[in-house]
Amino acid sequence: MSDERKLTSQAEDFAAWYNEVVLRAELADYSPVRGSMVIRPWGYGIWERMQGALDDMFKATGHENAYFPLLIPMSFIEKEKEHIAGFAPELAVVTHAGGKELEEPLAIRPTSETVILEMYAKWVQSYRDLPILLNQWANVMRWEMRTRLFLRTAEFLWQEGHTAHATEAEAREHTIRMLGVYRTFMEDWIAMPPVTGLKSESEKFAGAVETFGCEALMKDGKALQAGTSHFLGQNFARASGLTFQSEAGTEEYAWSTSWGVSTRLVGGMVMTHGDDAGLIVPPRLAPTQVVVIPIYRNDEERSATEAKAREVEARLRDAGVRVKLDARDHLSPGAKYYEWERKGLPLRVEVGPKDLEKGSLALARRFFPEGEKRKLFLPEGEAIASIPDRLEAMQAALLAAAVARREESSYRGVRDWGEMREILETRGGFVYTGWSGDPAVEERAKEEMKATIRCMPDPEFRSDTAPTRCISGEGEARHEVVWARAY
RNA sequence: CGGGGUGUGGCGCAGUCCGGUAGCGCGCCUGCUUUGGGAGCAGGAGGUCCCGGGUUCGAAUCCCGGCGCCCCGACCA
């Protein structure tokens, strides 16, 4: 028996590591239904933190929440022809209810553009009713062939924003604004810095005019599409009859956008920060940021250190820290250390007999600068007072480390097909090249190196000198693009 | 849907080739001793061996037929 208590290392088998971490950190578990998962309290707590932050950002950009139904008439989904073509293979459809076959089958929503715009059409008469800026938190279902916890499951939780505007310019601007919101959220909260940009035709959302995405780099060198924002043009408005009377008195179709992020972000967090000891949860996302562990050798010491631990807990709570006392008596301190480290809890405070004597506390950090020791021994007052700042510092350090990793794994100015393949097959990462715009080049890369164009990066991510030739060797470069193997 | 693997206490596995009282480690319960990096000892609970047929005196084991799950490929947030 190899040590069952240890996780498979990332270097040995990243996919196995991922599965083990998700299960053993108690983020989620497999459910009785293939492809569906149960999100456990620790994982759901992280999602709730994400929801809270995003929801605030949505409100701050003028949105309100609403809720639209799970079941969508098939005829709605069929209205936009690219949309139905894109989603048909992964639809789950309800054909029977109440013991009878339904007159019209009902699709379980894979996304809600069709119903939502149908409703908007009822609510909008004139340009004065626009824009409509709504968001919903919901579950959706896409019948995937291969599933992975958080990264791809048949049912998942997400947020979908749907807006309708009177002008193309406003809708385009909104699409970009929400992409920016996602980027900021990913950097500030998940400490997962994405590259943003425009999706190629083959990767865009079915029914969109343009799709923009946030692409994050995972520790194994693969890209994760972490969020998308779509400019839908008038496509869905036409399909749903969403028209309005303009200021000039003419009848026009509205311009719409949609944008979403899902529980997949939890998987992104795992693969951005986790290490061989388990998860690392950025402090802002951690449902509990600090655990306080009393250490003792007998009943007398137990009551003394537990009392102090409770006091520390109370003072941290007063300071706005999400803190928890772990007073379980049946586990040794060491066992608790391993457990909380596996779950990625940012900071641990140990209170032992020696601390009581010396008026000190031990702080153990889940993530700390290279070369430093995990544990710090500090005077009690200083230790407690420093914790809020330490949490913020850890948050910043995680982002800095992730940015550094992304930059180290970004290969710019690659001009040779073989070189691109060599990089993607051995190291992984983001390869920046020129592209003629020919879809055949994407197709070939997918076949030969399982890589796709993740995006045509936004200006700030582009290389200093723009590529001039297409990576295929044929044709001028019309865009700079980022290639990667993706989840 | 193709290829591979696997199904045995809560978890991880052995046992299957070669049929003969269902085992090991971890976990769990009780007690005592422990507790600053995964505690020790003693006692204990817990199993339709994935399901259905068949062969046999006897099946976890052999035969036939199903099913689940995981991994690898084709589709996707």
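Just so it is clear, the structure is predicted and the values come from calculations on it, not from any experiment. Note on naming: letters A, B, ... go to the chains in the order of the sequence lines (proteins, then strands), and numbering restarts at 1 for each one.
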Please classify the nucleic acid contact of A/K336 as base, sugar-phosphate, or nothing, using heavy-atom distances under 4.0 Å. nothing

All N/O contacts under 3.5 Å from nucleotides 6-9 of chain B to the protein, with atom names and distances to one decimal?
none

Is A/T228 touching bases, backbone alone, or none of the nucleic acid, heavy atoms closer than 4.0 Å? nothing

Who is the Watson-Crick or G-U wobble partner of B/C32, with both distances under 3.5 Å? B/G40

Side chains of A/D326 and A/Y337: donor-acceptor distance under 3.5 Å anywhere? no

Check every strand shown and say whether A/A362 touches a base, only sugar-phosphate, or nothing at a heavy-atom separation below 4.0 Å. base

Both distances under 3.5 Å, Watson-Crick or G-U wobble: report the partner of B/C17, or none. none

Please give, in whole Å, the distance from B/C71 P to A/E20 CD? 12 Å

Hey, which of A/V281, A/L279, A/I46 is the one that makes side-chain contact (heavy atoms from CB on, under 4.5 Å) with A/V270? A/L279

Using Watson-Crick or G-U wobble geometry with both distances under 3.5 Å, which nucleotide pairs with B/C49? none

Result block: side-chain N/O donor-acceptor pairs under 3.5 angstrom for residues 377-384 of chain A, not counting sequence neighbours:
| residue | atom | partner | partner atom | Å |
| --- | --- | --- | --- | --- |
| A/E380 | OE1 | A/K308 | NZ | 3.1 |
| A/E380 | OE2 | A/K308 | NZ | 3.2 |
| A/E380 | OE2 | A/R315 | NH1 | 3.0 |

A/W158 six-ring face occupied by A/R142 cation (under 6.0 Å, within 45°): yes

Ring-base stacking, A/Y337 with B/G37 (5.5 Å, 30° cut-offs): no

Across the strands shown, which category fits A/L151 at heavy-atom distances under 4.0 angstrom: base, sugar-phosphate, nothing? base

Return the nucleotide paired to B/C24: Watson-Crick means purine N1 to pyrimidine N3 with N6-O4 or O6-N4, wobble means G-U with N1-O2 and O6-N3, both under 3.5 Å. B/G12

Please classify the nucleic acid contact of A/Q225 as base, sugar-phosphate, or nothing, using heavy-atom distances under 4.0 Å. sugar-phosphate

So what's B/G2 paired with, Watson-Crick or G-U wobble, going by both distances under 3.5 Å? B/C72

Validate the cation-pi geometry between A/R444 and A/W417: distance from NZ or CZ to the six-membered ring centre under 6.0 Å, angle to the ring axis within 45°. yes

Record whether the side chain of A/E339 comes under 3.5 Å of the base of B/G38 through a donor-acceptor pair of N or O atoms. no

If the test is salt bridge (Lys or Arg N to Asp or Glu O under 4.0 Å), which one of A/R348, A/R366, A/R365 qualifies with A/E341? A/R348

Just to be sure I understand the rule, does A/K450 reach a base, reach only the sugar-phosphate, or reach nothing, if contact means heavy atoms closer than 4.0 Å? sugar-phosphate

Between B/A14 and B/C62, how many Å separate the two P atoms, rounded to a whole number? 15 Å

Interface residues of residues 282-302 of chain A with RNA chain B (non-hydrogen, below 4.0 angstrom): A/I295, A/Y296, A/R297

Could you check which nucleotide pairs with B/U61 in any of the strands shown, counting Watson-Crick or G-U wobble with both distances under 3.5 Å? none

On a whole-Å scale, what distance lies between the P atoms belonging to B/U34 and B/G40? 15 Å

Which part of the nucleic acid, if any, lies within contact of A/R374, taking any heavy atom under 4.0 Å across all strands shown: a base, the sugar-phosphate backbone alone, or nothing? base

A/H330 NE2 to B/U35 C1', in whole Å, measures 13 Å

With a non-hydrogen cut-off below 4.0 angstrom, is A/F205 in contact with a base, only sugar-phosphate, or nothing? nothing

Can you see which heavy atom on A/I453 is nearest to which on A/E203, and at what distance? O-CG, 3.8 Å

If you find the nucleotide of RNA chain B closest to A/E144 and the one closest to A/K375, which residue's nucleotide is nearer the 5' end? A/K375

Pairwise 5' ranking along RNA chain B for A/Y338 and A/T153, keeping only the more 5' one: A/Y338

